[in-house]
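A short worksheet on the structure shown next.
Just so we're on the same page: letters track the sequence lines, and every chain starts at 1.
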Number of protein chains: 2
Amino acid sequence: MTKELPTTGDQRRSQLLRGVLDLCLLSLIAERPRYGFEFAEALAAGGLELVSDGSIYPLLARMERAGLISSYRAPSPSGGAPRKYYRLTGAGHAALGRGRADWQAFAGPVGRILTTTTPSTGENTA
Amino acid sequence: MTKELPTTGDQRRSQLLRGVLDLCLLSLIAERPRYGFEFAEALAAGGLELVSDGSIYPLLARMERAGLISSYRAPSPSGGAPRKYYRLTGAGHAALGRGRADWQAFAGPVGRILTTTTPSTGENTA
DNA sequence: CGGACTACCTTGCGCCACAAGACAATGGGC
DNA sequence: GCCCATTGTCTTGTGGCGCAAGGTAGTCCG
């Protein structure tokens, strides 16, 4: 009725993605030029099943506007609408490097905090 | 003018915190009862310098309302206003366990994606 | 021509970290 | 007794962003 806390991890993942989804796209683009539809696939292949295109396209647009990536169109080999490929700019490379450092500076401490307390031997009740 | 992209990692960390800050608090509480002011300290000690109380108190209130934690008041030994200590409930323990799993299921793939591409000399295990 | 498929983009919504500041309780200085 | 510094809690307004759902456009096939 009023309000339910998330019972599944789905809601959590949405929040977790926040600050790191752009880096994932950047990193994926760094490998080779990519187009929009590809990202959801690549992320799922990497272990992150999710991320509707409604999250990805606006983000790509923002990053392009910010000068981190640039785009060019190419016809789809499988028929259909032409694809819009994205490529990293110099600024994008720099941002990716910074972002990776940020992520590690964040994930390390978090992991440590989360495993600090009696995680094992399930011996607690309190 | 219109809009600037974040130049520092500070903005990013704010976003990264979403989805994991509650788990950190839960984990910290699991160690022993804690009060509000303590959390920012403990997080900073753990490597996460930040997190103003404006983020923490509302989150604690939300979690208490959700039945994950319970509180009791105790006078401050150092003079001043009484402290409000929080303790884990059974549901809180369960949520913490689930959350830890969620975090690992997320951080793993993300780390892998971010290190997939030629980070520098690019000679690692893939 | 019409349907199906590929691909891109937009709108409205809700969540939540944050900055800034108000409020409450205690103890010490005078 | 009164005032204020200290300790600590809580509230309000703001903004960014992931998401669901829906809409548009280009290409191919029957």
message: Quick check on D/dG18: is either OP1 or OP2 less than 4.0 Å from any side-chain nitrogen or oxygen of A/Arg62?
response: yes
- prompt: Hey, does A/Gly54 reach any base, or is it just sugar-phosphate, or nothing, if we go heavy atoms under 4.0 Å?
  reply: base
task: Mind calculating the distance between CG (B/Leu48) and P (C/dA17) to the nearest angstrom?
output: 13 Å
message: Please compare A/Gln15 and A/Ser55 by the position of their nearest nucleotide in DNA chain C and report the one closer to 5'.
response: A/Ser55
- request: With heavy atoms under 4.0 Å as the rule, sort A/Arg13 into base, sugar-phosphate or nothing.
  value: nothing
- request: Round to the nearest Å and state the distance from A/Gln11 atom CD to D/dA20 atom P.
  value: 10 Å
message: Regarding B/Arg83 and B/Tyr85, do their side chains bring together a donor and an acceptor under 3.5 Å, going by distance alone?
response: yes
Between D/dG18 (P) and A/Asp22 (CG): distance, integer Å: 7 Å
query: Within this structure, what is the CD-to-C1' distance between B/Glu38 and D/dT9, rounded to whole angstrom?
result: 14 Å
query: Any donor-acceptor pair under 3.5 Å between the side chain of B/Arg18 and the base of C/dC15?
result: yes
- prompt: In whole angstroms, how far is the P atom of C/dA7 from the CG atom of A/Asp53?
  reply: 12 Å
- prompt: For the atom pair CD (A/Glu38) and CG (A/Leu25), what is the distance rounded to the nearest 0.5 Å?
  reply: 11.5 Å
message: Can you identify which nucleotide, out of D/dT9, C/dC9, D/dG18, has its nearest atom closest to the A/Leu21 side chain?
response: D/dG18
Among C/dG21, D/dG8, C/dC8, the one nearest A/Arg73 by side-chain distance: C/dC8
field: Sugar-phosphate only, base, or nothing, as touched by B/Phe39 at under 4.0 Å among non-hydrogen atoms
entry: nothing
message: What contact category does B/Pro75 fall into here, base, sugar-phosphate, or nothing, at under 4.0 angstrom with non-hydrogen atoms?
response: nothing
- prompt: OP1 or OP2 of D/dC28 sitting under 4.0 Å from any side-chain N/O of A/Ser78?
  reply: no
- prompt: Considering only side-chain heavy atoms of B/Ser52, which listed nucleotide, C/dC9, C/dA19, D/dA20, is closest?
  reply: C/dA19
Per B/Arg83 side chain, nearest of listed nucleotides D/dG22, D/dA25, D/dT9: D/dT9
message: Using OP1 and OP2 only, check whether a side-chain N or O of A/Tyr35 sits under 4.0 Å from C/dA7.
response: yes
message: Has B/Ser27 got a side-chain atom pairing as donor or acceptor with A/Ile113's backbone, closer than 3.5 angstrom?
response: yes
